[in-house]
Amino acid sequence: MGANEAKLYFSTELLNWYNTHKRDLPWRRSRNPYYIWISEVMLQQTRVETVIPYYHRFIEQFPTVEALADAPEEQVLKAWEGLGYYSRARNLQAAVREVKTSYGGQVPDSKEDISSLKGVGPYTAGAVLSIAYNKPEPAVDGNVMRVLSRYFLLRDDIAKPSTRIGMEKLAKELIPEGKAGDFNQALMELGATVCTPKSPHCLTCPVMELCAGRLEGAADELPVKTKAKPPRPERRAVAYIEGAGTESGRVLIRQRPKEGLLARMWELPHVQLPETLQASAGRAGADADAGADAAAMRFLREKLEAEYGLLVEPVEPMMDTEHTFSHIEWRMRVYRCRFAGFTEGAAAAGDRGGDAGQASGEQQEKTTFLWFGEEELRQYALPNVFVRILQQAPPADSPKS
DNA sequence: AAGGCGGGGAA
DNA sequence: TTCCCAGCCTT
C-alpha cells in the first residue's frame, strides 16, 4: 500500500462520510464570511454545544461587520460573558474595525491580509479562507492533529509549534480539488465525533481500514502531547459589600485593569492572602478557622483601604468557592462586609461609577467601583465565578436566620 | 520555546 | 479526578 494511495483513500472516504454524517450547526447554514469568522473565534478552545447559544445571540446583536465595529466594547464583552478567554472578544472587535476601515467592510480572502488581523492565527485564517471562500488552505486544530497523528502514525509531540507546521503541510496536501471547505470541516468533524481523545470509535470510522495508528494498536496512545503544568493555588479573600440606604439591595463591584487576567471585567473586590495567612483558611464555619478568619478579615480591610481608599468592616464568612483557570486556581472565601465609605481623595462610588484613587503606585490605573443591582445586571460583564457567588449569596437586605 | 489567558463537558 | 476542547499573543 503506497503512501499516496493511503492519502487519496483518506480524503475520498472522509469527504463521503462527511456528506452524510455532518451535524447541522448554525454556522453551516451560511457562507457569510463574517458569520464563519465569528463562529471560528468562539470555537477556539470552546466546545460546539457551549458556543451555539452565544453564536445566535451574537449575530442577532451584531449582524454585520459594521454593527460590531460600531458597538461599545462594554456591550461586546457582555455578549461574551461566560465564554472565557475575553481577549478573543476584544481582538475580534479590533479586527472587525480594521476590516471596516481598511477593507471596505469585506473580510479579506487572502492569507496574508486575514492573518494580519488581531486574533486571527494560522487556524482561524485557514478555517475562514477554506470554509467561507473555499480556498485550499489547511485549518489545523487539536482535532485535526489528533486524527492525522493516528491515521499516519505520527508520534511527534503536538504541543510543539514545529509539529503543527508539519501537520499543516500534510493537511494541505490532503485537500481534494475544489473541496477545501468541506474537507477541512470533515477532518474536524471526525475528530469531534469519532476519533475522540479517549476511546476512539474506530469501528464506525470511515477510514479505519488504512488507519496506521489503529492497525498498529496505538490509537489509544496517540497523539503524543506533553502534559501541562498544574495551576498554582492562590488563596483569596472576597468582599461582599452590601449597600445601605439608597443603595440597599446592591453590592459593590469594581472593574479589573485593562490588561491581563479577565481584563476589563467586573468583579467583587478581593485580595490575595499572603503566604502566612494561606495555610489555615479551609472550611467555612469550622471553629479552628475562627482565628484564621479574623486574620483574613483584618487583612482584607487593611488592603482595600490601602489600595483603593475603600473602607469596609468585614463581618463574617459567607461561603467558599473555587475557580480554576488554565494556570491559576483561586481558592476563595467570601466575607460579608459593611460599607463604610471611601477615604478622602478617593471619590465615592456613585450610580455612574466613581474613581477611587490608589494610595500606592503612582503609575497604576484608577479602579472604578459601582453599586451592582438588578438594573446593572444587563450591562456589566462578570466572570462566571462572581456570577455564581452573586446567585448563591442571599439578597443583601434579607434578614439572616 | 514557554507561559498567560476561561470555562465547562466527558470519562 | 484528569483531560482537553474548531488557539492566539507576548516574551
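Below, chain A is the first sequence line, B the second, and so on; all start at residue 1. Everything numeric here is computed off the predicted structure, so don't read it as measured data.
In this structure, of dC5(C), dG7(C), dG6(B), it is dG7(C) that holds the atom nearest to the side chain of Tyr123(A). Side-chain proximity of Arg146(A) to dG7(B), dC5(C), dA6(C): nearest is dC5(C). Closest contact between the side chain of Leu261(A) and the listed nucleotides dG9(B), dC3(C), dC5(B) involves dC5(B).
Under the side-chain contact (heavy atoms from CB on, under 4.5 Å) rule, Arg336(A) has a single partner from Met319(A), Glu316(A), Glu313(A), which is Glu316(A). Among Glu173(A), Met167(A), Lys172(A), the single residue meeting the side-chain contact (heavy atoms from CB on, under 4.5 Å) criterion with Lys169(A) is Glu173(A). For the side-chain contact (heavy atoms from CB on, under 4.5 Å) with Val99(A), the qualifying choice from Leu117(A), Leu68(A), Asp113(A) is Leu117(A), the only one to do so.
Distance Phe183(A) CZ to dA6(C) C1': 15 Å, rounded to the nearest Å. Tyr85(A) has its OH atom 15 Å from the P atom of dT10(C), to the nearest Å. Protein atom CZ of Arg23(A) is 9 Å distant from nucleotide atom C1' of dA6(C), rounded to whole Å. Rounded to whole angstrom, the span from the CZ atom of Arg256(A) across to the P atom of dC5(B) amounts to 9 Å. Nucleotide dG7(C) holds its P atom 14 Å from the CE atom of Met167(A), rounded to whole Å. In this entry the distance linking CG of Leu83(A) with P of dC5(C) reads 17 Å, nearest Å. As a whole-Å value, the separation of Tyr54(A) OH from dG8(B) C1' is 10 Å. Atom CH2 in Trp330(A) sits roughly 13 Å away from atom C1' in dG4(B) (whole-Å rounding).
The stretch residues 35-48 of chain A touches DNA chain B through Gln45(A), Thr46(A), Arg47(A), each having a heavy atom within less than 4.0 Å of the strand. Against DNA chain B, the stretch residues 106-120 of chain A makes no heavy-atom approach under 4.0 Å.
Rounded to a whole angstrom, the distance from the P atom of dG4(B) to that of dA6(C) is 24 Å. Only the P atoms considered, dG6(B) is 16 Å distant from dT11(C), to the nearest whole Å.
In this structure, His323(A) does not reach the dG6(B) phosphate: none of its side-chain N or O atoms is under 4.0 Å from OP1 or OP2. At dG4(B), none of the side-chain N or O atoms of His327(A) fall inside 4.0 Å of OP1 or OP2 (strictly under the cut-off). The phosphate of dC8(C) (OP1 or OP2) has no side-chain N or O of Asn91(A) nearer than 4.0 angstrom.
Put simply, the side chain of Val120(A) does not reach to within 4.5 Å of the side chain of Val128(A), judged on heavy atoms. With a 4.5 Å cut-off on side-chain heavy atoms, Val107(A) and Tyr133(A) count as touching.
Of the possible donor and acceptor atoms, none in the side chain of Arg90(A) sits under 3.5 Å from a partner among the backbone N and O of Leu77(A).
In this structure, Trp80(A) has its ring center at least 6.0 angstrom away from the ring center of Tyr85(A). Two rings, from Phe372(A) and Trp266(A), have their centers 6.0 Å or more apart.
Map Asp141(A) and Lys198(A) each onto its nearest nucleotide of DNA chain C; the residue landing nearer the 5' end is Lys198(A). Comparing Glu49(A) and Arg232(A) along DNA chain B, the residue whose closest nucleotide (by nearest heavy atom) sits nearer the 5' end is Arg232(A). For the pair Pro161(A) and Val385(A), nearest-nucleotide mapping onto DNA chain B gives the more 5' position to Pro161(A).
Not a single donor-acceptor contact under 3.5 angstrom links the side-chain atoms of Thr124(A) to the base of dG7(C).
Between the side chains of Glu189(A) and Thr193(A), no donor N or O sits under 3.5 Å from an acceptor N or O. Judged by distance alone, the side chains of Arg88(A) and Gln45(A) never bring a donor and an acceptor atom under 3.5 Å apart. Side chains of Gln44(A) and Tyr123(A): no donor on one and acceptor on the other come within 3.5 Å.
At the heavy-atom level, Gly191(A) lies nowhere under 4.0 Å from the strands shown. Here Ile158(A) lies out of heavy-atom contact (under 4.0 Å) with every strand.
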